[in-house]
Amino acid sequence: MRMSQMFSQTLREAPGDAETTSHALLLRAGFIRQLAAGIFTAMPLARRTLTRLENIMREEMNAIGGQEITMPVVHPAELWQETERWYQIGSEMGRFKDKNLRDMVLGMTHEEVVTDLARKEIQSYRQLPRLIYQIQTKWRDDPRPRAGLIRVREFTMKDSYSLDADWEGLDKQYRAHYQAYFNIFHRCGLPVIAVKSDVGMMGGKLAHEYMYLTPIGEDTLLLCDACSYSANRQIAAFRKQAAPMEQPLPIEKVATPETKTIAALAEFLSIPASRTAKAVFMVAKVPEGQVTVDKLVFAVLRGDMELNETKLANALKASELRPAHDEEIASIGAVPGYASPVGIDPASLGYSDQTPLPLVIIVDDLIPQSSNLVAGANEAGYHLRNVNYGRDYTAHLVADLTAARDGDGCPRCGSPLRTVRGVEVGNIFKLGTRYSDAMGATFLDKDGKEKSIIMGSYGIGSGRLMACIAEEHNDENGLIWPVTVAPYHVHLVALVGKDSEETRQQADKLYTDLQAAGIEVLFDDRDESPGVKFNDADLIGLPVRITVSQRSLQQGSVEFKRRDRKEKFLVSLDAAISRAQQELDTLRSEIQAKVVPVPYED
RNA sequence: CGGGGCGUAGCGCAGUCCGGUAGCGCACCGCGUUUGGGACGCGGGGGCCGGCGGUUCGAGUCCGCCCGCCCCGACCA
């Protein structure tokens with residue numbers, strides 16, 4: 001490609017709203033342009049990188065038996081109603097009506113369409129296992145797009161779906177993806193870790209997320225350096241420090257003026273926060289069939305713990321959670337700041353006039369193991385000492401509700417956990433029969449019985465992957481693309497002075513010869529000063545730069561420079577092509593050395 | 001959805017407090033000079049100052065409503 005002909009330009013200054021490195025550099029180097037919040041155009045350079053990423057994904061998917069298909073972006077709503085996700089997913093789903101006023105969905109993922117395909121195509125166990133995948137546009141109307149390509153609304157995803165006759169088959173395909181995904185990221189030069197994760201809106205049994213660790217990440221992960229336990233904070237377990245059980249003492253009401261927070265209460269009574277119980281009120285949307293019911297949730301945690309909303313939502317099977325308003329709290333007779341489960345009878349409350357919302361009382365699993373806690377008295381300015389679960393109150397549910405924190409004990413080995421931030425670049429889910437049951441995707445097994453197809457789904461966002469690679473590989477001058485995903489291999493810079501027609505001709509010839517040798521070249525043939533050309537080359541970040549100038553030609557040579565190194569060196573014109581091949585091969589083998597088997601962690 | 005910030009030329013910004021015919025740098029076009037780390041001279045083009053409404057003789061500037069974009073949080077893959 002001749003830069004004089006290229007559609008995109010570089011920018012000297014990044015737009016002011018680009019705050020993350022990858023966003024600013026991709027904009028400045030002319031890779032991406034924004035159309036609206038979370039909606040971007042891939043310009044020619046980005047398009048080439050994306051194609052390379054996607055081809056790596058194709059190779060790895062094909063290697064584990066994947067067959068590429070393309071499913072529609074627009075789906076009839078009926079499919080999503082069959083699985084009830086039409087009712088469970090909120091404003092994140094793009095919905096519209098076609099000209100016949102039929103409800104339609106913009107695909108945010110493709111389980112429904114795959115399951116519909118499977119129930120039509122698959123009749124026999126002889127047709128299983130299968131693995132299909134596509135690289136397709138998704139629309140998820142995220143309430144808050146951010147950081148350039150890291151979190152967007154419209155994006156391209158490689159999504160694959162496994163279909164199996166038995167659970168062993170699913171496990172096999174899941175493990176095949178587990179390694180194939182590491183291969184993909186490693187071949188793209190992106191270091192990642194796999195962590196156990198929440199299944200979220202996908203439903204299903206087990207999930208891992210592939211995390212690129214970076215401070216700009218929006219997920220918090222807990223890692224154990226001792227035993228390699230790793231999990232998203234949303235589901236991370238940890239060893240809770242249970243206090244020794246004591247003989248239950250009689251309840252005692254104490255005046256505790258102006259102690260609306262746990263910290264204030266603990267200080268006022270001179271006790272550790274772990275001797276208190278904390279009340280957290282939320283309103284949960286809980287799907288019941290085709291309707292969603294709002295429920296007031298009264299969650300009780302030990303005072304030194306923090307609520308993990310994902311764990312709470314999972315325990316309640318809630319699709320949405322929000323903090324309750326004070327009026328809602330008051331409606332059950334609790335007093336905000338001094339709320340207590342004591343004296344609130346879970347059985348007597350329900351769909352009554354006093355309580356517009358049905359109530360669910362749920363306690364953290366540490367609470368039944370904690371004796372003589374201080375809890376609210378449901379009266380402003382008063383608390384109760386020696387409150388004991390079971391004796392003084394009970395709950396509808398007991399579950400793990402608390403968020404793991406930095407330094408908490410690893411659930412496996414007890415060593416302190418460490419928190420890091422990460423961006424999720426891929427995920428794998430064991431869906432099981434969540435979709436095939438709902439949509440009647442069955443097959444006839446060997447034994448003549450009709451069974452549900454067992455499914456898995458697996459995704460990698462290509463734009464986010466490109467952004468993470470940009471975030472990882474750059475310096476103060478610009479991007480530094482791994483050779484496997486660089487838009488071109490070589491940046492050929494021609495420094496053509498006034499009286500150097502020969503330089504121009506040599507550069508043109510080298511451009512043609514490099515391409516003839518199968519090397520992809522970006523040729524800076526523009527009428528620009530050397531400074532501009534070198535700065536643009538650094539900004540765009542192709543792996544190898546070759547400079548042709550009168551100065552080097554006088555020695556019969558051209559100048560080579562690797563983008564990731566400082567050194568420059570001269571190579572004779574005759575040897576330029578083979579040296580370029582050699583440099584690229586070296587770069588390729590440096591990356592290939594990182595593509596290694598990764599032990600499976602369940 | 002809550003909190004904060006910002007919308008003036010392709011990009012970065014000034015001008016808004018205190019109303020009086022819209023500016024700077026880069027980029028862009030033409031001519032000439034220049035060519036190893038963001039050159040120089042001369043001459044040019046480009047703006048419904050986010051939108052609508054109001055106040056005023058007069059609004060980029062004051063008032064109201066709306067929209068868009070960014071950041072933090074909630075949420076989410």
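Keep in mind that this is a model prediction, so the values were computed, not measured. We use all heavy atoms of the structure for the numbers below, so side chains are in, but hydrogens, waters and symmetry mates are not. Order of the sequence lines sets the chain letters (A, B, ...), proteins ahead of strands, with each chain counted from 1.
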**Student:** G36(B) base to T547(A) side chain: any donor-acceptor pair below 3.5 Å?
**Tutor:**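 Counting by modelled atom types and ignoring angles, no donor-acceptor contact under 3.5 Å is found here.
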**Student:** Can you check whether Y210(A) and F182(A) have ring centres sitting under 6.0 Å from each other?
**Tutor:** yes
**Student:** Any donor-acceptor pair, under 3.5 Å, between the side chain of E528(A) and the base of G38(B), if you only look at N and O atoms?
**Tutor:**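 Under the 3.5 Å cut-off, the side chain and the base do not form any donor-acceptor pair.
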**Student:** Looking at R146(A) and C72(B), is any side-chain donor or acceptor paired with a base atom of the opposite kind under 3.5 Å?
**Tutor:**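 Flag unset: no donor-acceptor pair detected.
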**Student:** Heavy-atom nearest nucleotide on RNA chain B for A37(A) versus T10(A): which residue maps closer to 5'?
**Tutor:** T10(A)
**Student:** For this output row, return yes or no: ring centroids of F429(A) and H208(A) closer than 6.0 angstrom.
**Tutor:**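 Centroid distance F429(A)-H208(A): not below 6.0 Å, so no.
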**Student:** For the side chain of R526(A) and the base of G38(B), is some donor closer than 3.5 Å to an acceptor across the two?
**Tutor:** no
**Student:** From C72(B), G37(B), C69(B), pick the nucleotide closest to the side chain of F534(A)?
**Tutor:**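 Output: G37(B).
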**Student:** Looking at the side chain of S549(A), which of A77(B), C69(B), G36(B) is the nearest nucleotide?
**Tutor:** G36(B)
**Student:** Would you say U35(B) has OP1 or OP2 under 4.0 Å from some side-chain N or O of S529(A)?
**Tutor:** no
**Student:** Across the strands shown, which category fits P143(A) at heavy-atom distances under 4.0 angstrom: base, sugar-phosphate, nothing?
**Tutor:**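 Answer is base: heavy atoms of P143(A) come under 4.0 Å of a base.
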**Student:** E559(A) has a side chain; which of G36(B), A77(B), G25(B) sits nearest to it?
**Tutor:**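 The answer is G36(B).
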**Student:** Return the nucleotide paired to A14(B): Watson-Crick means purine N1 to pyrimidine N3 with N6-O4 or O6-N4, wobble means G-U with N1-O2 and O6-N3, both under 3.5 Å.
**Tutor:**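 Here A14(B) is not engaged in any pair, so there is no nucleotide opposite it.
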**Student:** Considering every strand and a 4.0 Å limit on heavy-atom distances, what is the contact class for A494(A): base, sugar-phosphate, or nothing?
**Tutor:**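 No contact.
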**Student:** Strictly below 4.0 Å: does R12(A) bring a side-chain N or O up to OP1 or OP2 of A27(B)?
**Tutor:** yes
**Student:** Any side-chain N or O of R151(A) under 4.0 Å from OP1/OP2 of A77(B)?
**Tutor:**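 Looking at the OP1 and OP2 atoms of A77(B), neither is under 4.0 Å from any side-chain N or O of R151(A).
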**Student:** Choosing from A77(B), G36(B), G38(B), which nucleotide comes nearest the side chain of E92(A)?
**Tutor:** A77(B)
**Student:** Just to verify, what does H110(A) make a side-chain hydrogen bond (donor to acceptor under 3.5 Å, both in side chains) with, not counting sequence neighbours?
**Tutor:** H75(A), Q134(A), K138(A)
**Student:** Looking at R551(A) and G37(B), is any side-chain donor or acceptor paired with a base atom of the opposite kind under 3.5 Å?
**Tutor:** no
**Student:** Nearest to the P15(A) side chain among A77(B), C69(B), G12(B), which nucleotide is it?
**Tutor:** G12(B)
**Student:** Report the nucleotide, chosen from C72(B), G36(B), C76(B), that has the shortest atom-to-atom distance to any side-chain atom of D219(A).
**Tutor:**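 Selected nucleotide: C76(B).
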**Student:** Heavy atoms from C-beta onward define the side chain here; which of U35(B), A77(B), G36(B) lies closest to that of R140(A)?
**Tutor:** A77(B)
**Student:** For Q505(A) and T503(A), run side-chain contact (heavy atoms from CB on, under 4.5 Å): C-alpha distance rounded to whole Å, both residues' side-chain angles, the deciding distance at 0.1 Å, then the answer.
**Tutor:** CA-CA 5 Å; Q505(A) 284 172 12; T503(A) 309; over 6 Å; no
**Student:** With respect to the side chain of E424(A), which nucleotide from C70(B), G37(B), A77(B) is positioned closest?
**Tutor:**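 For E424(A), the side-chain atoms sit closest to A77(B).
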**Student:** Need one value for V493(A): base, sugar-phosphate or nothing, where a base atom within 4.0 Å counts as base even if backbone is also close, heavy atoms only.
**Tutor:**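 Result for V493(A) = nothing.
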**Student:** Between G36(B), A27(B), C76(B), spot the one nearest the side chain of Q9(A), thanks.
**Tutor:** A27(B)
**Student:** In this structure, which one of Y458(A), Y181(A), Y133(A) forms a side chain to side chain donor-acceptor pair (under 3.5 Å) with K158(A)?
**Tutor:** Y181(A)
**Student:** Applying the 5.5 Å / 30° rule, does F155(A) stack onto the base of A77(B)?
**Tutor:**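 Yes, F155(A) stacks on the base of A77(B).
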**Student:** For the side chain of V532(A), counting heavy atoms from C-beta on, which of A39(B), G37(B), C69(B) is nearest?
**Tutor:** A39(B)
**Student:** Do the charged groups of D406(A) and R233(A) touch, with an N to O distance under 4.0 Å?
**Tutor:**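 Salt bridge flag = no for R233(A) with D406(A).
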